[in-house]
S.K.: 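My questions all concern the structure below.
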Amino acid sequence: MAISKAIIVFPLLCFLSSTISILCYPYPLVCNETEKHALLSFKHALFDPAHSLSSWSAQENCCGWNGVHCHNITGRVVYLNLFNFGLVGKLSASLLKLEFLNYLNLGWNDFGGTPIPSFIGSIQSLTYLDLSFASFGGLIPPQLGNLSNLLHLRLGGADSSYEPRLYVENLRWISHLSSLKLLFMSEVDLHQEGQWIESTSILSSLSMLLLEDCELDNMSPSLEYVNFTSLTVLSLYGNHFSHEIPNWLSNLTTNLLKLDLRDNSLKGHIPITILELRYLNILYLSRNQLTGQIPEYLGQLKHLEALSLRYNSFDGPIPSSLGNLSSLRSLYLYGNRLNGTLPSSLWLLSNLEDLEIGNNSLVDTISEVHFNELSKLKYLDMSSTSFTFKVNSNWVPSFELEELLMSSCQMGPKFPTWLQTQTSLRNLDISKSGIVDIAPTWFWKWASHIEWIYLSDNQISGDLSGVWLNNTIIYLNSNCFTGLLPAVSPNVTVLNMANNSFSGPISHFLCQKLKGRSKLEALDLSNNDLSGELPLCWKSWQSLTHVNLGNNNFSGKIPDSISSLFSLKALHLQNNGLSGSIPSSLRECTSLGLLDLSGNKLLGNVPNWIGELSALKVLCLRSNKFIAEIPSQICQLSSLIVLDVSDNELSGIIPRCLNNFSLMAAIETPDDLFTDLDNSNYELEGLVLMTVGRELEYKGILKYVRMVDLSSNNFSGSIPTELSQLFGLRFLNVSKNHLMGRIPEKIGRMTSLLSLDLSTNHLSGEIPQSLADLTFLNRLNLSCNQFRGRIPLSTQLQSFDAFSYIGNAQLCGVPLTKNCTEDDESQGMDTIDENEEGSEMRWFYISMGLGFIVGFWGVCGALLLKKSWRHAYFQFLYDIRDWVYVAVAIRLNWFHDNLRRLLVSETHH
């Protein structure tokens with residue numbers, strides 16, 4: 001009996017053992033051959049520059065390929081995740097052969113603006129589909145509505161270089177996705193869909209709805225109720241809802257945890273109905289046009305962890321009720337009109353990690369006591385306020401900050417020593433904080449781990465000769481630092497040490513041996529006492545895009561090696577003692593957009609190759625010793641907005657082709673004008689220009705300047721009429737030259753002119769009436785010329801004082817004291833164009849002379865050569881003489897008879 005039982009049990013145990021063995025240690029899965037070939041066809045339709053699909057080989061099991069997962073029993077492909085593989089090309093319909101595919105992620109690839117193929121709507125096994133940020137374009141196929149099992153759908157995230165962007169004509173197809181839990185659309189054009197709320201609220205399972213940057217313009221504020229029964233996240237960031245926050249938001253499910261309405265131009269107040277969303281964790285309303293005071297009732301949202309109201313127009317004090325939000329971790333109130341002092345309850349938010357209250361009109365004195373409860377604080381922004389920071393020198397804060405932004409707060413005059421306790425700090429901004437002190441010896445070593453450091457616009461002093469700077473972005477400008485320039489690590493990308501008192505040569509700085517390839521992009525050492533010649537070792541700094549060495553004492557020539565800065569966009573060398581010519585090697589800096597060499601001792605011609613710098617927008621060569629003519633090649637600089645060659649020794653005529661400056665001819669300023677000049681971490685240097693009779697610095701508004709200054713040279717000839725085609729020009733100065741002729745009659749078409757200086761030339765003729773059309777003109781100088789006649793009557797021209805017109809002896813009329821006479825009025829007649837007038841007058845006199853010669857010799861020549869004609873001609877003259885004599889004699893005799901009769905009758909009376 002026992003043996004028989006053993007015989008039965010033993011095979012059973014062997015079977016169970018083998019089954020468990022197979023389940024626990026399965027044989028390697030072998031993928032379906034049809035699906036393998038389908039995936040290989042899919043791969044062949046794509047370009048794979050990153051070799052992310054290198055494992056996809058016909059000799060390998062496709063279940064082991066990168067991004068491919070198979071079912072652990074059937075071996076069928078169920079999961080295809082190619083997220084951020086760097087793939088380029090088009091999608092192949094071979095994906096249809098993956099019959100069991102339920103997860104497809106093609107996000108963050110580049111499909112070149114091609115449409116989303118409609119066949120994807122036939123992969124009905126899909127539950128997860130991510131095509132976001134993959135550069136698809138065109139109409140989203142409504143066939144996606146066939147994916148009835150879909151739980152997760154992500155679309156959009158366009159590349160602006162591809163047109164058209166993704167768009168829909170309507171969202172009715174969405175209603176068929178009854179199981180959908182997440183719908184994400186970014187930068188999908190939905191402006192044609194006015195019923196987007198109705199289409200999406202049908203989805204009873206929808207938990208997360210994110211329609212960001214989708215050109216939506218209506219939240220249907222009149223709706224009273226919307227049936228989002230499962231919604232936990234609603235993000236409508238970056239649309240165009242120019243109305244009040246709608247009431248239907250309060251009727252959303254109480255499960256709503258996150259509401260993001262940032263950057264929507266919303267108006268009005270925050271409605272009290274927001275309290276219906278009692279479990280709200282995150283409320284983002286920043287970058288709108290909300291007004292009034294921040295309501296006290298926001299303090300009743302007990303579960304709130306993040307509140308962002310930055311960049312609105314809220315005024316009044318910060319409500320004390322915000323101190324009731326005990327769960328609050330992030331509070332962003334930056335960029336409003338808040339005033340008053342900080343409520344004491346704010347300092348009791350013990351969970352607070354991010355506090356941003358800068359750029360308001362808040363006033364308060366902050367001491368270490370205020371921070372006693374804020375031990376979790378990591379991010380503090382109190383910049384651009386009127387806070388005074390007063391703490392003990394030995395204060396050790398309970399928090400460990402990662403970012404501290406205190407610009408324009410009063411932290412001085414002593415250097416804040418408590419900073420050395422903040423060993424996790426990444427970004428530090430204590431610019432404009434009233435510090436008048438020597439930088440402590442510990443500071444530079446302590447600061448070496450900080451990524452961004454801003455100490456600018458204080459009076460911090462110290463000798464930095466032995467300092468080594470290791471930060472990524474460094475702003476030490478506008479202080480009192482002295483000594484030789486400090487050494488820098490290759491990690492530095494922006495170094496601004498302008499407006500200090502650094503001295504000595506620059507060679508030891510530029511020629512230092514770096515431990516690695518330099519990443520420096522922007523170098524500003526302007527307004528110091530640096531001297532000596534510019535060194536040759538620029539090749540170590542090939543990443544530089546912005547260089548400003550202006551207002552120092554450099555001498556010698558501009559080195560040829562500066563051309564090794566292939567990426568150079570802006571070069572400032574103004575107001576030094578540089579000599580020689582502009583090096584021809586500079587033509588290799590083809591990205592150069594701004595070149596300021598003014599205020600030096602540069603010689604020679606303005607080079608012809610300057611026209612090859614097609615990106616050049618600003619060219620300043622003022623106050624040098626350039627000679628000869630302006631090369632016509634300069635007219636190839638169609639992007640030029642500032643041309644300043646004043647105060648040189650240039651001669652010849654003004655080029656007639658200046659109307660090729662297309663940006664000066666355009667009235668509008670493109671928004672992206674300086675995009676190629678910008679550096680995200682460095683503000684474009686200011687430019688000092690003589691625009692309205694005095695030097696002004698143009699910084700943030702430089703892109704709006706349109707200027708041509710040719711003054712104080714030896715130009716001759718006339719003012720080219722082509723200049724009047726520069727309709728966008730704002731400043732024109734050709735004074736102190738030897739120009740002749742008339743003011744172009746069509747100058748009135750230059751309606752953007754703010755300043756016009758034609759003084760101290762030999763210009764003549766009448767002032768054209770069209771000058772009165774320059775309604776924006778606020779500075780006019782026509783003095784010291786040879787203008788004549790009446791100053792045209794207009795509100796504009798009579799608003800200038802007499803100094804604008806003096807030195808023109810034959811000019812009359814208001815505002816001059818000389819009144820106009822009839823002779824003044826009749827002097828000369830201006831024609832439409834002075835060049836045309838001169839040409840017409842010349843041809844008039846020429847034709848009159850020719851007519852006289854032809855007429856004279858036509859008559860006299862015939863009389864000399866033809867005797868019969870001569871006799872007949874003189875006989876004719878004799879006959880005329882006799883006829884006149886007889887007629888006069890008869891008329892005199894008649895007159896005498898009548899006179900005698902009159903006298904006789906008078907005597908009888």
Side-chain angles (χ1 to χ4, degrees), residues 257-259 269-286 290-392 395-406 409-411 418:
L257 302 178
K258 178 180 178 179
L259 178 60
H269 307 281
I270 300 176
I272 193 170
T273 51
I274 200 82
L275 296 181
E276 299 295 328
L277 306 175
R278 63 178 68 96
Y279 294 107
L280 203 61
N281 292 155
I282 299 171
L283 177 59
Y284 289 157
L285 298 175
S286 58
L290 300 172
T291 56
Q293 296 191 5
I294 298 173
E296 288 278 353
Y297 47 73
L298 284 184
Q300 299 179 39
L301 294 172
K302 301 293 186 180
H303 298 279
L304 211 58
E305 296 180 9
L307 174 62
S308 179
L309 304 177
R310 62 167 73 158
Y311 294 112
N312 278 283
S313 296
F314 291 114
D315 53 27
I318 297 174
S320 59
S321 64
L322 295 186
N324 299 331
L325 303 175
S326 57
S327 299
L328 200 64
R329 292 185 291 107
S330 301
L331 177 61
Y332 305 110
L333 304 178
Y334 186 91
N336 283 280
R337 301 172 184 172
L338 301 172
N339 53 43
T341 58
L342 297 178
S344 56
S345 59
L346 196 67
W347 306 108
L348 302 178
L349 296 173
S350 57
N351 288 308
L352 204 61
E353 297 176 9
D354 301 337
L355 177 59
E356 185 187 75
I357 53 178
N359 198 12
N360 282 288
S361 299
L362 298 166
V363 180
D364 211 341
T365 300
I366 310 297
S367 69
E368 62 266 35
V369 176
H370 291 95
F371 294 98
N372 284 345
E373 301 295 326
L374 304 184
S375 60
K376 297 180 180 180
L377 200 63
K378 297 183 182 302
Y379 171 73
L380 177 61
D381 184 352
M382 306 178 81
S383 60
S384 301
T385 59
S386 297
F387 290 133
T388 300
F389 210 78
K390 288 188 176 181
V391 296
N392 292 325
W395 178 47
V396 178
S398 60
F399 53 70
E400 186 68 48
L401 292 177
E402 295 177 2
E403 189 162 352
L404 175 63
L405 308 178
M406 303 292 286
C409 287
Q410 186 64 33
M411 298 186 70
W418 63 270

S.K.: Report yes if some heavy atom in the side chain of Cys409 is under 4.5 Å from a heavy atom in the side chain of Thr385; otherwise report no.
M.R.: yes

S.K.: Tell me if a side-chain donor or acceptor on Ser286 pairs with a main-chain N or O of Ser308 at a distance below 3.5 Å.
M.R.: no

S.K.: Within the structure provided, determine whether Leu333 and Ile294 are in side-chain contact (heavy-atom separation under 4.5 Å).
M.R.: yes

S.K.: With a 6.0 Å cut-off (strictly less than), is the heavy-atom count around OH of Tyr297, excluding the residue itself, greater than 12?
M.R.: yes

S.K.: Answer yes or no: is there a side-chain heavy-atom contact under 4.5 Å between His269 and Thr291?
M.R.: yes

S.K.: So how far is it from Gln293 CD to Asp315 CG, rounded to the nearest 0.5 Å?
M.R.: 6.0 Å

S.K.: Supply the atom-to-atom distance Leu322 CG to Leu348 CG, rounded to the nearest 0.5 angstrom.
M.R.: 12.5 Å

S.K.: Do the side chains of Leu405 and Leu380 get nearer than 4.5 Å, heavy atoms only?
M.R.: no

S.K.: For the pair Glu305 and Arg329, find out whether any cationic side-chain nitrogen is under 4.0 Å from an anionic carboxylate oxygen.
M.R.: yes

S.K.: Any chance you could measure Leu309, atom CG, to Glu356, atom CD, to the nearest 0.5 Å?
M.R.: 11.0 Å

S.K.: By the definition side-chain contact (heavy atoms from CB on, under 4.5 Å), identify the one residue from Asp354, Asn351, Leu307, Leu346 that meets it with Leu328.
M.R.: Leu307

S.K.: When rounded to the nearest 0.5 angstrom, what is the spacing between CG in Leu352 and OG in Ser326?
M.R.: 11.5 Å

S.K.: Mind running side chain to side chain contact (heavy atoms under 4.5 Å, CB included) on Trp347 and Leu342 for me, showing each step along the way?
M.R.: CA-CA 9 Å; Trp347 306 108; Leu342 297 178; 3.3 Å; yes

S.K.: In terms of relative ring orientation, are Tyr311 and Tyr334 parallel, tilted or perpendicular, with 30° and 60° separating the classes?
M.R.: perpendicular

S.K.: How are the rings of Phe399 and Trp418 set to each other: parallel, tilted or perpendicular (split at 30° and 60°)?
M.R.: perpendicular

S.K.: Looking at Leu298 and Leu283, what are the two nearest heavy atoms and their distance?
M.R.: CD2-CD2, 4.4 Å

S.K.: Which heavy atom of Asn339 sits nearest a heavy atom of Leu362, and at what distance?
M.R.: O-CD2, 3.5 Å

S.K.: I'd like to check Leu377 versus Leu355 (side-chain heavy atoms, cut-off strictly below 4.5 Å). Are they in contact?
M.R.: yes

S.K.: Could you state the interatomic distance from CG (Asn281) to CG (Leu257), rounded to the nearest 0.5 Å?
M.R.: 5.0 Å

S.K.: Looking at Pro319 and Pro343, what are the two nearest heavy atoms and their distance?
M.R.: O-CG, 4.1 Å

S.K.: Any side-chain heavy atom of Asp364 sitting closer than 4.5 Å to one from Met382?
M.R.: no

S.K.: Any heavy-atom pair between the side chains of Asn360 and Phe314 that's under 4.5 Å?
M.R.: no

S.K.: Which distance, rounded to the nearest 0.5 Å, do you find between the CG of Asn324 and the CG of Leu349?
M.R.: 9.0 Å

S.K.: Can Ser320 and Glu296 be said to form a side chain to side chain contact (heavy atoms under 4.5 Å, CB included), step by step?
M.R.: CA-CA 7 Å; Ser320 59; Glu296 288 278 353; 4.2 Å; yes

S.K.: Over 60° means perpendicular and under 30° means parallel, so classify the ring planes of Phe389 and Phe371, tilted if in between.
M.R.: tilted

